[in-house]
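Below is one structure, written out as structure tokens; the observations come after it.
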Amino acid sequence: MSGVPKHRQTKPTKRKPQRAKRLQVAALCYKETKVGRQVLLITSRDTGRWIVPKGWPMKGKDDHEAALIEAWEEAGVSKADIEEEPMGFFEYAKGLSSGDTVPVEAQVYLTRVRDLQKTYPEVDQRTREWFSPAEAAELVDEPDLKAILRAI
């Protein structure tokens with residue numbers, strides 16, 4: 001008999017095991033203008049939500065280099081200066097083609113855009129647009145990304 005009163009003993013609950021968070025790398029693209037800093041958002045391919053360019057780490061590339069490649073493929077950023085250390089992180093649930101979702105932590109790299117191209121790999125799959133950081137924060141869904149945008 002244990003020392004815990006019977007009314008305080010609890011049965012173990014069955015719960016679904018949590019998957020470990022997967023890592024993605026993201027480029028928070030910005031430019032300085034006469035009206036202040038502007039940030040570049042793109043739409044996701046599946047739901048059309050406003051997001052920042054991001055993707056999986058790439059073998060043989062540092063994470064900031066992979067983030068810059070994603071900025072090119074998804075948003076047409078052809079010339080930029082990207083910080084080598086992440087300026088923040090945000091979490092979200094990534095939908096997979098199987099219908100499942102996986103928890104993801106995205107490392108965000110501040111990226112000063114020097115040139116955008118009109119044609120790029122995903123031009124027909126996404127919309128891109130410049131916003132003030134405050135406007136961008138209202139458009140994205142992820143709370144931590146909202147906070148990052150408001151802070152820049």
Side-chain angles (χ1 to χ4, degrees), residues 12-33 35-152:
T13 58
K14 290 185 180 180
R15 62 180 184 181
K16 197 173 184 178
Q18 289 189 330
R19 290 185 176 174
K21 288 182 194 132
R22 295 192 57 193
L23 173 69
Q24 281 199 320
V25 294
L28 178 50
C29 301
Y30 76 94
K31 66 180 179 179
E32 300 293 347
T33 71
V35 296
R37 187 171 279 185
Q38 299 281 295
V39 295
L40 186 64
L41 295 183
I42 60 172
T43 55
S44 68
R45 288 187 293 193
D46 51 352
T47 63
R49 293 179 307 110
W50 288 106
I51 60 172
V52 294
K54 63 186 178 315
W56 304 111
M58 298 175 187
K59 194 172 195 164
K61 300 285 183 193
D62 289 336
D63 288 342
H64 70 280
E65 293 171 324
L68 195 53
I69 291 168
E70 293 296 337
W72 158 247
E73 292 175 352
E74 297 181 356
V77 175
S78 60
K79 293 182 184 171
D81 302 313
I82 189 165
E83 299 291 324
E84 291 186 13
E85 294 298 321
M87 51 117 25
F89 303 85
F90 69 92
E91 296 178 359
Y92 76 104
K94 173 147 183 80
L96 302 176
S97 57
S98 65
D100 290 337
T101 59
V102 293
V104 172
E105 179 178 82
Q107 294 179 342
V108 180
Y109 294 87
L110 194 58
T111 307
R112 185 176 67 87
V113 175
R114 292 188 286 125
D115 189 55
L116 280 180
Q117 295 295 308
K118 289 182 181 175
T119 57
Y120 49 95
E122 297 182 16
V123 67
D124 295 329
Q125 301 170 40
R126 302 177 185 274
T127 299
R128 69 177 180 193
E129 196 168 327
W130 292 102
F131 298 97
S132 72
E135 290 171 318
E138 294 302 316
L139 293 170
V140 300
D141 290 341
E142 301 79 10
D144 292 337
L145 182 54
K146 287 178 181 287
I148 290 169
L149 288 163
R150 288 187 182 114
I152 69 161

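Computed from heavy atoms alone, side chains included, the values below leave out hydrogens, waters and symmetry copies. All residue numbers refer to positions in the sequence shown, counting from 1.
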Beyond-backbone contact of [X] with [Y], side-chain heavy atoms, under 4.5 angstrom:
X: W50; Y: T43; value: yes
X: Y92; Y: I51; value: no
X: R22; Y: K94; value: no
X: E84; Y: H64; value: yes
X: E138; Y: R150; value: yes
X: S132; Y: R37; value: no
X: V104; Y: L23; value: no
X: L116; Y: W130; value: yes

Fill in: All side chain to side chain contact (heavy atoms under 4.5 Å, CB included) counterparts of D81, not counting sequence neighbours
R112, R114
Worksheet entry | Derivation and outcome, side chain to side chain donor-acceptor pair (under 3.5 Å), residues Q107 and Y109 | CA-CA 7 Å; Q107 294 179 342; Y109 294 87; 2.6 Å; yes
Nearest atoms (heavy-atom pairs only) where [X] meets [Y]:
X: F90; Y: D144; value: CB-CB, 3.5 Å
X: A75; Y: L40; value: CB-CD2, 3.9 Å
X: M87; Y: L28; value: SD-CD2, 3.9 Å
X: T111; Y: A80; value: CG2-CB, 3.6 Å

Discussion item. Keeping E65 on the side-chain end and D62 on the backbone end, is there a donor-acceptor pair under 3.5 Å?
Written reply: yes
Item to complete: Check for a donor-acceptor pair, side chain of K146 on one end and backbone N or O of V140 on the other, with a separation under 3.5 Å.
Response: yes
Discussion item. Check this for me: E85, atom CD, are more than 12 non-hydrogen atoms of other residues, nucleotides or ligands nearer than 6.0 Å?
Written reply: no
Item to complete: List the steps, then state whether salt bridge (charged side-chain N to carboxylate O under 4.0 Å, His left out) holds for R49 with E142.
Response: CA-CA 11 Å; R49 293 179 307 110; E142 301 79 10; 3.0 Å; yes
